[in-house]
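Heavy-atom basis, side chains included; hydrogens, waters and symmetry copies ignored.
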Amino acid sequence: MKEIQSYIAEHKDRFLNELINLLKIPSVSADTAYKNDVLKTADAIKTSLENAGCDLVEICKTDGYPIVYGEKIIDKNLPTVLVYGHYDVQPADPIELWDSPPYEPVIKKTEKHPEGAIFARGACDDKGQMYMHVKALEFMTSTNQLPCNVKFMIEGEEEVGSVNLSTFVKNNQDKLKNDVILISDTGMIANNIPSITTGLRGLSYVEVEVTGPNRDLHSGLYGGAVANPINVLTKMIASLHDNNNHITIPGFYDHVEELSKEERAEMAKAPFNLNNYKKALNIDAVYGEEGYTTNERNSIRPTLDVNGIWGGYTGEGAKTVIASKAYAKISMRLVPNQDWKNITQLFKTHFESIAPKGVTVKVTPHHGGQGYVTPIDNIGYKAASKAYEETFGKTPIPQRSGGSIPIVALFEQELKSKTILMGFGLDSDAIHSPNEHFGIFNYLKGIETIPYFYKYFTELSK
């Protein structure tokens, strides 16, 4: 990978401006009001892949938003790397909490990003990290240093559960055939402590609806005489954890993977300062399942969280009303061996069973996916480790993530290949939150590191 640092230095401003232009497009897949923007982003990705050196680029239609496919095949006898990413982003709400407009990217220096960071929705998740791969390909093709074949599959529905990706993968196995899958949609411990994500939690996401009377009622005339759906819903939700913050759904823990003391000891070697963690979040105490550390709670243990709750009157002033309905959105992060469909059914059965008389309960599953663990003894992991060693000057730490990328398990099932998670974001980058950002150091370091993965994976495959 000769001259990669000088190439990045020469084209740094262009690399940043291209990403900034991409971030200006509000490609929110969850809101149909942004449909044209999502489609516009797909077109922009297609053009970028063509300019980066792909010989074939297609916008593949699905029943939802399209998948952008690209490839550069130099020799069918060489290994093939499939790069996955997504071009859709989370909604920017609540807008009022952003320090700058979410789709007007700005570069600001921060304590963790002294070289500056791009603040915009999608900066880290996943436009910035996905675009690193496009620019890495550009370097390798323009300098004639691409050592193997590469394919790209960039989707527009990841933030809404990759609704149509499964069908696309199942119907295009020959097109997507590869030797390893490469994804940058995760993070690392710190800019001076590289790490590779080796595990992901699964996900079950549901919406619940509690219905009481057939209309909203005057709280003075009816209060205390009929079940209040909001009161009932909050009690039901509160009962889902016991005093030790253990989830109370029967059968929930039946297949939970229990790590050995030795494995937990290895995890504990990752640098972590609890006081700094609390300070960064402006909290005075951590909270979670008894018997586990903070880093264990958010990675190797399953969780259940309310992501949204509403009902009744929430406008300005007062309105004394007992709402007819109350709602909540609930996500469960799962660990390997927990089947998300089974967990969803367990939740539904339990939640309906604890409803008191006077209300009816409806549970609507939204989406989910399986957890995943990448073995560290395969050549894909070894190639990634050598790549980080080359550019960071130190061996990366294997780390399990608390997040979910449900399609990773699907890839292994359908394409029979392992996934390597080379993330360059930081936990502090506020993905899914106001003021999301991505460090310029991280963006450029990703562009620098990815070509070395290709180099070492090709060498280790011989």
Side-chain angles (χ1 to χ4, degrees), residues 1-12 15 48-49 51-56 70-85 128-154 176-186 188 191 193-198 374-398 411 415 417-424 441-462:
M1 295 295 118
K2 295 182 293 184
E3 302 173 350
I4 188 167
Q5 290 184 333
S6 59
Y7 186 91
I8 292 173
E10 179 183 353
H11 298 280
K12 173 183 176 181
F15 287 176
S48 296
L49 287 173
N51 293 340
C54 283
D55 295 324
L56 170 67
E71 66 179 29
K72 178 74 173 180
I73 308 299
I74 60 175
D75 186 340
K76 292 184 178 180
N77 294 318
L78 289 172
T80 297
V81 176
L82 173 63
V83 176
Y84 165 84
Q129 297 213 71
M130 174 271 294
Y131 208 65
M132 297 183 310
H133 290 271
V134 180
K135 296 296 97 179
L137 175 68
E138 176 195 310
F139 163 75
M140 290 184 287
T141 57
S142 63
T143 60
N144 197 31
Q145 294 187 72
L146 181 63
C148 61
N149 307 311
V150 60
K151 298 177 179 178
F152 285 83
M153 178 172 60
I154 313 298
L176 301 173
K177 187 177 181 181
N178 65 84
D179 296 285
V180 69
I181 299 169
L182 190 58
I183 300 177
S184 294
D185 197 9
T186 52
M188 59 184 185
N191 283 353
I193 308 173
S195 58
I196 300 174
T197 301
T198 57
T374 297
I376 64 174
D377 59 355
N378 71 68
I379 62 172
Y381 180 88
K382 292 177 180 177
S385 182
K386 288 171 68 69
Y388 281 94
E389 289 173 21
E390 187 77 42
T391 60
F392 284 85
K394 56 181 67 175
T395 302
I397 297 172
F411 289 161
L415 302 178
S417 49
K418 295 293 183 183
T419 294
I420 305 302
L421 299 159
M422 292 180 65
F424 292 86
F441 168 86
N442 306 72
Y443 176 52
L444 300 179
K445 185 61 74 170
I447 298 171
E448 178 187 350
T449 306
I450 290 165
Y452 283 103
F453 174 84
Y454 285 78
K455 175 181 184 291
Y456 291 122
F457 184 76
T458 303
E459 292 177 356
L460 292 170
S461 298
K462 293 178 180 177

Just checking, any donor-acceptor pair under 3.5 angstrom between side chains of S142 and Y7?
yes

Does a side-chain heavy-atom distance below 4.5 Å link V81 with D179?
no

Roughly how far, to the nearest 0.5 Å, is NZ of K462 from CG of L78?
8.0 Å

Compute whether any side-chain donor of one residue and acceptor of the other, for S6 and E10, lie under 3.5 angstrom apart.
no

N442 side chain to N191 side chain, donor-acceptor N/O pair below 3.5 angstrom:
yes

In terms of heavy-atom contacts, M130 and G85 come closest through CG-CA, 4.3 Å

Q145 side-chain N/O to K2 backbone N/O, donor-acceptor pair under 3.5 Å:
yes

Tell me whether E71 contacts the main-chain N or O of V150 through its side chain, where contact means a donor paired with an acceptor under 3.5 Å.
no

To the nearest 0.5 Å, what is the distance between CZ on F411 and CD1 on I183?
5.5 Å

Sidechain-backbone polar pair: K418 side chain, I379 backbone, donor-acceptor under 3.5 Å:
no

Calculate, to the nearest 0.5 Å, the distance between atoms CD1 and NZ belonging to I8 and K12 respectively.
11.0 Å

Please list, chain by chain and in numerical order, all residues satisfying side chain to side chain donor-acceptor pair (under 3.5 Å) with T141, sequence neighbours excluded.
none

Is there a side-chain contact between P147 and M140 in this structure, where contact means two heavy atoms from C-beta onward sitting under 4.5 Å apart?
yes

Locate the shortest heavy-atom distance separating M188 from G423; write the atom from each residue and the value.
CB-O, 3.9 Å

Q129 and T186: which non-hydrogen atoms are nearest, and at how many Å?
NE2-O, 2.9 Å

Taking every non-hydrogen atom, the tightest pair across G70 and C54:
C-SG, 4.1 Å

OG1 (T80) and CD1 (I73) are apart, to the nearest 0.5 Å, by 5.0 Å

Walk me through it: do E390 and K386 pass the test salt bridge (charged side-chain N to carboxylate O under 4.0 Å, His left out)?
CA-CA 6 Å; E390 187 77 42; K386 288 171 68 69; over 6 Å; no

Could you tell me whether a side-chain N or O of N51 sits under 3.5 Å from a main-chain N or O of S48, the two making a donor and an acceptor?
no

What I'd like to find out is whether the side chain of I181 reaches to under 4.5 Å of the side chain of L415, using heavy atoms alone.
yes

Check whether any side-chain heavy atom of V180 sits under 4.5 Å from a side-chain heavy atom of I420, and report yes or no.
yes

Is it the case that S417 and N178 place a side-chain donor and acceptor less than 3.5 Å from each other?
yes

Shortest non-hydrogen contact from I376 to T198?
CG2-CG2, 3.8 Å

Minimum heavy-atom distance between T458 and C148, given as atom pair plus value
OG1-CB, 3.4 Å

Are Y443 and F424 close enough that their ring centres sit under 6.0 Å apart?
no

Which atom pairs, one a donor and one an acceptor, fall under 3.5 Å between side chains of residues 446-454 and the rest of the protein, sequence neighbours left out?
| from | atom 1 | to | atom 2 | distance (Å) |
| --- | --- | --- | --- | --- |
| E448 | OE1 | K445 | NZ | 3.3 |
| E448 | OE2 | Q5 | NE2 | 3.1 |
| T449 | OG1 | T391 | OG1 | 2.8 |
| T449 | OG1 | K445 | O | 2.7 |

Measuring from atom CG of L460 to atom NZ of K382, what distance do you get when rounded to the nearest 0.5 angstrom?
7.5 Å

Are side-chain heavy atoms of E389 and P396 found at a separation under 4.5 Å?
yes

D75 atom CG, neighbour heavy-atom count above 12 within 6.0 Å:
yes

I'd like to check M153 versus L176 (side-chain heavy atoms, cut-off strictly below 4.5 Å). Are they in contact?
yes

Output the distance between atom OH (Y388) and atom OG (S195), rounded to the nearest 0.5 Å.
7.0 Å

How about I154 and Y84: do any of their side-chain heavy atoms sit closer than 4.5 Å?
no

Validation row: H133, S184 side chains within 4.5 angstrom (heavy atoms):
yes

I'd like to know if the side chain of T374 and the backbone of T419 have a donor-acceptor N/O pair within less than 3.5 Å.
yes

